[in-house]
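The next block holds one structure in the form of structure tokens; read it before the comments.
Along the sequence shown, residues carry numbers from 1. Owing to the predicted nature of the structure, the values given are computational and were not obtained by experimental measurement.
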Amino acid sequence: MYSKILEDIKEPYYQQNYSNDGQRFVAWYLLNIHLRDMNQAKDDITDGAGDKQIDAIVVDDDKQTIFIVQGKFIGTSTVDAEPVREVISSWMQLRDL
């Protein structure tokens, strides 16, 4: 699956609309898992300065559900603690709304 995603995010849509593989992966996830269209995916992504470790927010009006996405796209065989800290940080912020 990793190689499929890696190949897919090389397509022009991802390369032209997203500045890094992390954003491209989140866009891929939104398109392929949440079945968002290209415009919705672009609007859903919040990744950037001041994003509070939240990479995308998907609002499903039909199901009255909000999905908060914190994605990591890591291309190495080892992972340090920083990505785990980021995920925990986003969960902690949501815990006490």
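- Here the two rings, on Tyr18 and Tyr13, have centers that are under 6.0 Å apart.
- A heavy-atom distance below 4.5 Å is not found between the side chains of Asn20 and Phe73.
- With rounding to the nearest 0.5 Å, the separation of CG in Asp37 from NZ in Lys42 is 13.0 Å.
- Following chains of ILVMFWY side-chain contacts shorter than 4.5 Å, one can reach Tyr29 starting from Tyr2, so the two form part of one hydrophobic cluster.
- Just one residue in the list Asp44, Ile66, Ile45, Asp43 forms a side-chain contact (heavy atoms from CB on, under 4.5 Å) with Ile57, and that residue is Ile66.
- Under the side-chain contact (heavy atoms from CB on, under 4.5 Å) rule, Val26 has a single partner from Asp21, Thr46, Leu31, Asp55, which is Asp55.
- Nearest heavy-atom pair across Ala27 and Ala41 is O-CB, 4.5 Å.
- Sequence neighbours left out, the pairs with a member in residues 5-16 that pass salt bridge (Lys or Arg N to Asp or Glu O under 4.0 Å) are Lys4-Asp8.
- The line from CD1 of Ile5 to CZ of Arg24 is 14.5 Å long, rounded to the nearest 0.5 Å.
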Please walk me through it: do Ile54 and Gln70 pass side chain to side chain contact (heavy atoms under 4.5 Å, CB included)?
CA-CA 5 Å; Ile54 295 171; Gln70 208 295 319; 5.8 Å; no

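- Gln40 is not listed as a side-chain neighbour of His34, based on a closest heavy-atom distance of 4.5 Å or more.
- Atom CD of Gln64 sits in a sparse spot, with 12 or fewer heavy atoms from other residues, nucleotides or ligands closer than 6.0 Å.
- Following chains of ILVMFWY side-chain contacts shorter than 4.5 Å, one cannot reach Leu35 starting from Met1, and the two form parts of different hydrophobic clusters.
- For the residue pair Ile9 and Tyr14, the shortest heavy atom distance occurs at O-CB, 3.3 Å.
- Although no hydrogens or angles enter the test, the distance criterion places a donor-acceptor pair under 3.5 Å between the side chain of Thr65 and the main chain of Lys63.
- Using a 4.5 Å heavy-atom threshold, the side chains of Val59 and Asp61 count as touching.
- Nearest heavy atoms, Ala56 versus Leu30: CB-CD1, 4.0 Å.
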